[in-house]
A.B. asks: 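Please read through the structure below; I'll follow up with questions.
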Amino acid sequence: MMEKMEMEEMWGYVAANAGADTLKLMLKSEPDLPFDKRFAVMQIECRKKAKNKIPELLANERFLFPKAISAEQCTHQQVAQFHASLFQPTDSVLDMTMGLGVDSYYISQRVASLKAIELDEEIAAAGAHNYAFTVVNADSVAWLTQTDERFDAVFIDPARRGDGGARLYGLADCAPDVLSILPTIKAHAKRLYIKASPMIDVTQSMRDLAPHLTDVWAVSVKNECKELFFEVDFGVECADVQLHALNFEAGGAQEFAVDSAALAVEGCYGSPSAGQYLYEPNASVMKIGAFAALTRQFPIQQIAKNSHLYYSDDFVEDFPGRKFVIDSIIPFSGKEAKTVGKQHKQLNIATRNFRLSPDELKKRLKVRDGGDCYLFATTLANGEPVLLLTRKADK
């Protein structure tokens, strides 16, 4: 960490060059700067990358990024606020994997006390600079094994990629291995909250964390699934887990919840007609996989088991996903399909349970991306491939 005077001069440089092209700034000759120019330019670049993710924290002009990757990997502000909402105001909390500390910050604003552990010395030092809560530079598993402290809750965000950037699909493959340290965590806390990759297998994770798993959330921002979030209460045993689909959009959050027993419910399928409404579930609903359960909670019908598309006569405003009006339904095997590209030079194409990918279909129809028309290519319950030409519902 720089000396105090050097830091102050660096912050002045960062503020003065906030809108600068960072590549040109690095190439500019400035040999007499009393601070590490590369580190200062990194601050400018990180602030640009994270301005829409953590605007509240960046209102602090001296918020310090320890590494360039911190801006890319940090938690979105809305997601961190959701995490914090699950804790009680009286809770004492241990964050075992602080990172940039966005989650730690919002949780600390909610609870009675928070202690954060960070293995990387530079990141830990930045956390001590940025926040008022206690930051410990240590291996969190070793620290927890050796301490006598107890907490109401532990929060952990294990590393999401293996060697060489390989994606991980099980909690046991992450670092630290949450499953192997469950007994240690249980000895020091009443509850555990696990933030995990959206690539993690939901069904297997539910088995791994039983019988104390109470809730699972699939969390998305603007229909991109960012994480899976698990709540484990060591004081209870649950036969059924609550599954939550949460999607943050500019106009508010889309929420859907269902009991895990509903995953076994069989759907009822039918064929839509022109003039009806079409519904596409958001990414979080798709991740928890409770497709038939949607038809129990909303007045809609599923097109086919693997289509994951729904329809209705009347508009369902609170459906957790996108909503469209069906203008026409065209058999893919018929001559009419060949005229689609002639009638529409631009289409937004999605395929669901269809033998061609969106790019392959776009090439087949000879259309470009874009426009106001949305084409869903799918297969009906009777096996017939169809093209659904739609537009966004105005209601």
A.B. asks: Quick one: do Ile300 and Phe256 end up in the same hydrophobic cluster if we chain Ile, Leu, Val, Met, Phe, Trp and Tyr together by side-chain heavy atoms under 4.5 Å apart?
C.D. replies: yes
A.B. asks: Measure across Ala261 and Asp240 and return the closest heavy-atom pair with its distance rounded to 0.1 Å.
C.D. replies: CB-OD1, 3.8 Å
A.B. asks: Could you tell me whether a side-chain N or O of Lys323 sits under 3.5 Å from a main-chain N or O of Val316, the two making a donor and an acceptor?
C.D. replies: no
A.B. asks: Of all residues at least two apart in sequence or in a different chain, which pass the salt bridge (charged side-chain N to carboxylate O under 4.0 Å, His left out) check with Asp327?
C.D. replies: Arg391
A.B. asks: Please work out whether the ring planes of Tyr277 and Tyr279 are parallel, tilted or perpendicular, with thresholds of 30° and 60°.
C.D. replies: tilted
A.B. asks: Check the hydrophobic clustering (I, L, V, M, F, W, Y; side-chain heavy atoms under 4.5 Å; chains of links allowed) and say if Phe35 and Leu64 are grouped together.
C.D. replies: yes
A.B. asks: Whether the side chain of Asp152 engages the backbone of Ser92 through a donor-acceptor N/O pair (distance < 3.5 Å, no angle test) should be reported.
C.D. replies: yes
A.B. asks: Using side-chain heavy atoms (C-beta onward) and a distance below 4.5 Å, is Ile117 in contact with Asp139?
C.D. replies: no
A.B. asks: Using a strict 4.0 Å threshold on nitrogen-to-oxygen distance, state whether Glu8 and Arg62 make a salt bridge.
C.D. replies: yes
A.B. asks: In sequence, state the C-alpha distance, the side-chain angles, and the governing distance for Thr378 and Thr351, and then conclude on side-chain contact (heavy atoms from CB on, under 4.5 Å).
C.D. replies: CA-CA 6 Å; Thr378 191; Thr351 59; over 6 Å; no
A.B. asks: Glu280 and Tyr374: side-chain donor and acceptor closer than 3.5 Å?
C.D. replies: no
A.B. asks: Determine yes or no for a side-chain-to-main-chain donor-acceptor pair under 3.5 angstrom, with Lys49 supplying the side chain and Ala68 the backbone.
C.D. replies: no
A.B. asks: Looking at Phe155 versus His83, is the centre-to-centre ring distance below 6.0 Å?
C.D. replies: yes
A.B. asks: Got Pro331 and Glu336 here, is their nearest side-chain heavy-atom distance under 4.5 Å?
C.D. replies: yes
A.B. asks: For Arg47 versus Phe63, what's the shortest heavy-atom pair and its separation?
C.D. replies: NH1-O, 3.7 Å
A.B. asks: Side-chain contact, heavy-atom cut-off 4.5 Å: His344 with Leu389?
C.D. replies: yes
A.B. asks: If we check side-chain contact (heavy atoms from CB on, under 4.5 Å) with Asn353, which of these qualifies: Leu380, Thr379, Leu309?
C.D. replies: Thr379
A.B. asks: Counting distance only, does the side-chain N/O of Thr390 pair as donor-acceptor with the main-chain N or O of Ile326 below 3.5 Å?
C.D. replies: no
A.B. asks: Enumerate the side chain to side chain donor-acceptor pair (under 3.5 Å) contacts for residues 286-307, please, sequence neighbours excluded, ordered by first and then second residue.
C.D. replies: Gln301-Tyr311
A.B. asks: Determine whether Thr97 and Asp157 satisfy the following criterion, side chain to side chain donor-acceptor pair (under 3.5 Å), listing intermediate values before the conclusion.
C.D. replies: CA-CA 6 Å; Thr97 49; Asp157 178 9; 5.4 Å; no
A.B. asks: Check whether any side-chain N or O of Thr339 sits under 3.5 Å from a backbone N or O of Lys342 as a donor-acceptor pair, and report yes or no.
C.D. replies: no
A.B. asks: Can you name the nearest heavy-atom pair linking Ala257 to Gln242, along with the distance?
C.D. replies: CB-OE1, 4.3 Å
A.B. asks: What is the distance from atom CE of Met199 to atom CG of Leu228, rounded to the nearest 0.5 Å?
C.D. replies: 10.5 Å
A.B. asks: For His188 and Phe151, I'd like to know if the aromatic rings sit close, meaning centre-to-centre distance below 6.0 Å.
C.D. replies: no
A.B. asks: Hey, are the side chains of Phe315 and Val325 touching, using non-hydrogen atoms and a 4.5 Å cut-off?
C.D. replies: no
A.B. asks: Keeping Gln43 on the side-chain end and Phe65 on the backbone end, is there a donor-acceptor pair under 3.5 Å?
C.D. replies: yes
A.B. asks: Please round to the nearest 0.5 Å and tell me the distance separating atom CG of Asp215 and atom CG of Leu243.
C.D. replies: 8.5 Å
A.B. asks: Does the Glu72 side chain pair with the main chain of Ile69, one donor and one acceptor, at a distance under 3.5 Å?
C.D. replies: no
A.B. asks: Give me the atom names and distance for the closest heavy-atom approach of Leu209 to Leu179.
C.D. replies: CD2-CD2, 3.8 Å
A.B. asks: I'd like to know whether Cys238 forms a side-chain contact (heavy atoms from CB on, under 4.5 Å) with Leu213, so could you lay out the CA-CA distance, the side-chain angles of the two residues, the decisive distance to 0.1 Å, and finally the verdict.
C.D. replies: CA-CA 7 Å; Cys238 297; Leu213 179 66; over 6 Å; no
A.B. asks: Atom CG of residue position Asp318 - does it have more than 12 heavy atoms of other residues, nucleotides or ligands inside 6.0 Å?
C.D. replies: yes
A.B. asks: Could you check, using the six-membered ring where one of them is a Trp, whether Phe82 and Trp217 have ring centers closer than 6.0 angstrom?
C.D. replies: yes
A.B. asks: Are a donor atom and an acceptor atom from the side chains of His244 and Glu231 found within less than 3.5 Å of each other?
C.D. replies: no
A.B. asks: Which pair of non-hydrogen atoms, one from Ala304 and one from Ala381, has the smallest distance, and what is that distance?
C.D. replies: CB-N, 3.7 Å
A.B. asks: Are Asn247 and Ser284 close enough that a side-chain donor and a side-chain acceptor fall under 3.5 Å?
C.D. replies: no
A.B. asks: For the residue pair Ala218 and Ile288, what are the closest heavy atoms and their distance?
C.D. replies: CB-CG2, 3.8 Å
A.B. asks: Going from NZ on Lys115 to OG on Ser108, what distance comes out if it is rounded to the nearest 0.5 angstrom?
C.D. replies: 14.5 Å
A.B. asks: Relative to the ring of Phe376, is the ring of Phe324 parallel (under 30°), tilted (30 to 60°) or perpendicular (over 60°)?
C.D. replies: perpendicular
A.B. asks: Could you check whether atom CD of Glu30 has more than 12 heavy atoms from other residues, nucleotides or ligands sitting under 6.0 Å from it?
C.D. replies: yes
A.B. asks: Indicate whether the side chain of Lys195 and that of Thr75 have a donor and an acceptor atom separated by less than 3.5 Å.
C.D. replies: yes
A.B. asks: Hey, would you say the Phe354 and Phe332 ring centroids sit under 6.0 Å apart?
C.D. replies: yes
A.B. asks: List the steps, then state whether side-chain contact (heavy atoms from CB on, under 4.5 Å) holds for Asn130 with Leu57.
C.D. replies: CA-CA 9 Å; Asn130 289 330; Leu57 286 174; over 6 Å; no
A.B. asks: Heavy-atom distance under 4.5 Å between the side chains of Gln346 and Asp369, does that happen here?
C.D. replies: no
A.B. asks: Tell me whether Asn17 contacts the main-chain N or O of Ala20 through its side chain, where contact means a donor paired with an acceptor under 3.5 Å.
C.D. replies: no
A.B. asks: Does some side-chain heavy atom of Leu375 sit less than 4.5 Å from a side-chain heavy atom of Val340?
C.D. replies: yes
A.B. asks: Should we say atom NZ of Lys48 is surrounded by more than 12 heavy atoms from elsewhere, each under 6.0 Å from it?
C.D. replies: yes
A.B. asks: Distance-only criterion, 3.5 Å: show the donor-acceptor pairs between side-chain atoms of residues 140-147 and protein atoms not counting sequence neighbours.
C.D. replies:
residue : atom : partner : partner atom : Å
Ser140  : OG   : Met96   : O            : 3.1
Thr145  : OG1  : Val141  : O            : 2.7
Thr147  : OG1  : Glu149  : N            : 3.1

A.B. asks: Less than 4.0 Å between a side-chain N and a carboxylate O, is that true for Lys67 and Asp120?
C.D. replies: yes
A.B. asks: Stepwise, does the salt bridge (charged side-chain N to carboxylate O under 4.0 Å, His left out) test hold for Lys226 with Glu224?
C.D. replies: CA-CA 6 Å; Lys226 297 293 187 180; Glu224 180 183 353; 3.4 Å; yes
A.B. asks: Grouping I, L, V, M, F, W and Y whenever their side-chain heavy atoms are under 4.5 Å apart, do Leu388 and Val367 come out in a common cluster?
C.D. replies: no
A.B. asks: If we only count heavy atoms from C-beta on, is the Phe133 to Ser104 side-chain gap below 4.5 Å?
C.D. replies: yes
A.B. asks: Assess the residue pair His76 and Gln81 against the criterion (side chain to side chain donor-acceptor pair (under 3.5 Å)); give the C-alpha distance rounded to whole Å, side-chain angles, the decisive distance to 0.1 Å, and a yes or no.
C.D. replies: CA-CA 9 Å; His76 193 285; Gln81 289 170 331; over 6 Å; no
A.B. asks: Where do Gln254 and Asn282 land on the side chain to side chain donor-acceptor pair (under 3.5 Å) test, with the steps shown first?
C.D. replies: CA-CA 9 Å; Gln254 297 175 337; Asn282 64 44; 2.9 Å; yes
A.B. asks: Salt bridge or not between Arg110 and Asp91? Use side-chain N to carboxylate O under 4.0 Å.
C.D. replies: no
A.B. asks: Does CG belonging to Asp314 count more than 12 external heavy atoms closer than 6.0 Å?
C.D. replies: no
